[in-house]
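Below is one structure, written out as structure tokens; comments come after it.
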Amino acid sequence: MKLTKTESLVTWIVRLLVLVWTAAVVYPLLWTLLSSLKDNKQFYGNKPWALPELPLQWSNFAYVWTEYKFGGYFLNSVGVTFAATALAVLLSAMTAYVIARYPFRGSSLLYFVYVSAMMIPLILSLIPLFFLLDGIGLTNNLLGLILVYGAGALPFGIFVLVAFYKSLPKEMEEAASIDGSSEAGTFFRIMLPLSKPGLITVAIMNILTIWNEYILGTVIMNDPMKKIYTLPVGIAVMQGEMQYRTEWGPLFAGLVVSMIPIIILYALFQRQITGGITAGAVK
Amino acid sequence: MTAKPSSYRFRRALFILGFTLPTFLLFSLITAYPMLRGLYISFFEWSGYSGSMSFIGLDNYKRLLKDNIIGTAIYNDYFLVFWKVVLILAIATFLAVALTRMNLKRTGLFRVVLFFPNLISVVVIGVLWRYIYNPSDIGFLNAFLSLFAGDPVKTVWLGQENTAMWSILAPAVWAGIGFYMILLMAAIMNIPESFYEAAGIDGASRWHQFKHITIPLIWEQMKVSIIHIVITTLNGSFIIIFLMTEGGPDNSTQVMGSYLYQIGFQQYHMGYASAIGALILILTLVTSLILNRLLKRETIQM
């Protein structure tokens with residue numbers, strides 16, 4: 001098909017606009033990385049878009065890691081994200097399997113309740129949740145955060161996995177039950193391995209959400225003496241301290257520290273993440 | 001079919017219970033109970049830690065009607081809803097069409113890169129954009145604008161009422177687009193190529209194809225996107241507000257969620273804060289119901 005003059009002009013304009021938007025997306029991120037390698041003098045003396053001077057201030061990373069305790073926050077984030085994701089994936093897979101393959105009286109109501117919970121504003125439950133956890137000693141406690149993040153991730157997991165288990169062929173379980181395997185045994189030995197693609201999608205989406213979560217983290221881990229923070233909470237606290245001690249380089253190094261694992265994950269699981277978006281948004 | 005013995009039925013009931021109960025307990029304790037409890041507290045006067053909760057009926061809700069800041073907050077919530085829907089949808093649709101229907105090169109790479117802002121924590125976005133808006137010499141935006149203006153620009157973007165909400169809108173749109181772009185791209189790629197070929201033979205221009213093939217066939221996903229933006233904005237935009245302006249200056253950027261947080265966790269009026277929470281829930285449900293209605297009618301007309 002030959003393009004008319006106006007159409008090829010339009011194509012060029014479209015290309016230009018796509019490039020402009022791409023620059024608007026990439027540049028702030030690239031600039032964060034460059035800024036993490038500057039010292040304070042360069043922030044105040046040079047233009048914000050100036051490249052970092054040599055030698056690059058890699059020490060900003062070590063500084064934020066030890067001085068601002070980001071090493072500890074990093075480990076907290078890793079532990080909480082991993083444990084909460086494992087909890088949510090296991091529990092939502094078990095429930096989804098029953099709802100999809102062994103419907104019982106009330107199972108569709110149960111499904112409806114879980115799925116509609118995705119629409120409920122979190123902030124409505126924030127105050128009672130805080131006092132509930134505080135009453136049983138689970139504030140400023142990693143276990144509390146794990147339970148909260150795990151529970152929060154259940155609806156999405158159930159939603160995606162019910163659809164997934166419904167799509168698997170029925171013959172697998174029938175063969176297994178003839179072999180005398182119990183329902184639970186069939187699930188763990190046959191269905192769970194079979195549903196790996198669905199489980200991975202759910203797990204990745206949970207990891208992204210939990211790793212980045214801020215508001216529950218700041219409410220539940222609220223003790224400034226204990227400082228049991230996750231990375232997002234740690235960054236917000238550090239930003240608050242910038243009023244008294246301005247250390248821009250280390251602050252941006254902190255941002256980079258929190259972004260790197262996510263970008264690695266994205267590079268590895270890009271397909272599952274795009275799949276997770278299309279799976280989750282069809283509600 | 002053989003009759004199933006009762007031991008078999010018992011075993012199956014045990015299996016179903018064992019597989020669903022732990023999930024249900026965790027969900028009830030952490031998600032359902034606090035939500036219902038929140039609605040309950042909204043009828044009380046309660047300062048939090050102290051044990052005394054006094055029932056005051058609808059007083060907290062009456063107070064909502066008289067509170068000027070609530071008016072501002074609702075206005076700001078819908079300001080964000082409206083502009084986010086318009087801008088995110090326009091830009092995401094444009095990018096989705098550009099990356100699927102315009103024969104551009106390396107579209108895969110663009111798709112990957114343009115999703116980046118959606119992967120970043122709201123905290124990182126808040127810190128990054130606060131730095132961009134920093135009013136002193138080190139702020140990016142003012143330094144950039146100073147290149148064109150004669151005098152150095154000293155605008156306090158987040159600190160004055162006429163620019164603050166727009167300054168918050170920018171990162172909210174910036175960080176939201178990639179998700180909907182991916183969603184719409186998937187929808188466009190599902191449209192059979194033959195539709196476009198037939199239209200091309202009939203001499204339909206690209207604009208015509210976009211209007212009469214692409215838009216009607218991705219309308220369902222656009223509708224999902226609109227409702228998704230509305231819900232996530234009403235339920236979650238308080239976090240970026242909280243990180244960037246804390247509702248200031250003078251409560252002018254307060255949204256319902258940030259105001260709830262301030263009333264509850266900083267002023268210890270848990271009952272009134274919970275009434276604001278109930279208001280958020282009601283407005284979210286009503287708005288998405290109305291939108292569902294409106295958008296459905298539009299589909300039928302086409």
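Residue numbers start from 1 in every chain, and the chains themselves are labelled A, B, ... in the order their sequence lines are given, proteins ahead of strands. Keep in mind that what you see is a predicted model, and the values were worked out from it rather than measured.
Contact of the B:I188 side chain with the B:Q221 side chain is not registered, since no non-hydrogen atoms from C-beta on lie closer than 4.5 Å. Residues A:S36 and A:P250 have side chains not in contact (no heavy-atom distance under 4.5 Å, counting atoms from C-beta outward). Here the side chains of B:V127 and A:T32 are not in contact, with every heavy-atom distance at 4.5 Å or above. In this structure, B:F242 and B:Q262 have side chains that are not in contact, with every pair of non-hydrogen atoms separated by 4.5 Å or more. Contact annotation: the side chain of B:Y259 never approaches that of B:F238 to less than 4.5 Å [non-hydrogen atoms, C-beta and beyond]. Residues B:Y133 and B:N142 fail the side-chain proximity criterion, which asks for heavy atoms closer than 4.5 Å.
Annotation: the span from A:Q42 atom CD to A:S35 atom OG amounts to 9.5 Å, rounded to 0.5 Å. With rounding to the nearest 0.5 angstrom, the CD1 atom of A:I127 is 11.5 Å from the CZ atom of B:R37. Atom CG of residue B:N235 and atom CG of residue A:L122 lie 8.5 Å apart, to the nearest 0.5 angstrom. From A:T218, atom OG1 reaches atom CG of A:L126 across 10.0 Å, with rounding to the nearest 0.5 Å.
Contact annotation for B:F144: both backbone and side-chain heavy atoms come within less than 4.5 Å of a heavy atom of chain A. Interface residue B:F110: only side-chain heavy atoms are found under 4.5 Å from chain A. Residue A:V113 touches chain B through both its backbone and its side chain, counting heavy-atom pairs closer than 4.5 Å. Residue contact with chain A, scored on non-hydrogen atoms closer than 4.5 Å, is absent for B:T232. Heavy atoms of B:L26 lying under 4.5 Å from chain A belong to its backbone as well as its side chain. Using a 4.5 Å cut-off between heavy atoms, B:L281 touches chain A through backbone and side chain atoms alike. B:L119 touches chain A through backbone and side chain together, each having a heavy atom under 4.5 Å away. Using a 4.5 Å cut-off between heavy atoms, A:V98 touches chain B through its side chain atoms alone. Looking at B:L17, there are no atoms closer than 4.5 Å to chain A (heavy atoms on both sides), in backbone or side chain. The parts of A:T22 that come within reach of chain B are both its backbone and its side chain, each placing non-hydrogen atoms under 4.5 angstrom from that chain. When heavy atoms are compared at a cutoff of 4.5 Å, B:R111 approaches chain A by way of both its backbone and its side chain. With a threshold of 4.5 angstrom between heavy atoms, A:F43 approaches chain B through its backbone and through its side chain. Only the side chain of B:F265 comes within contact range of chain A, judged by heavy atoms closer than 4.5 Å. Proximity to chain A involves both the backbone and the side chain of B:L29, based on heavy atoms less than 4.5 angstrom apart. Looking at B:Y33, only its side chain comes within 4.5 Å of chain A, counting heavy atoms on both sides. The contact between B:I120 and chain A is made by backbone and side chain atoms together, counting heavy-atom distances below 4.5 Å. With a 4.5 Å cut-off on non-hydrogen atoms, A:L231 does not touch chain B at all. Using a 4.5 Å cut-off between heavy atoms, B:A186 contacts chain A through its side chain alone, with no backbone atom that close. For A:W31, the part lying under 4.5 angstrom from a heavy atom of chain B is the side chain only.
For the set A:I235, A:L208, A:V10, A:V18, the count of heavy-atom pairs under 4.5 angstrom toward chain B peaks at A:V18. Among A:M259, A:M242, A:E183, the residue with the largest count of heavy-atom pairs under 4.5 Å with chain B is A:E183. The greatest number of non-hydrogen atom pairs below 4.5 Å with chain B, out of A:F130, A:Y114, A:F252, A:W211, is found for A:Y114.
Shown are A:Y97, A:Y165, A:F187; of these, the ring pair (Phe, Tyr, Trp, His ring centres under 6.0 Å) with A:Y102 is made only by A:Y97.
Side chains of A:W248 and A:Y44: a donor on one and an acceptor on the other come within 3.5 Å.
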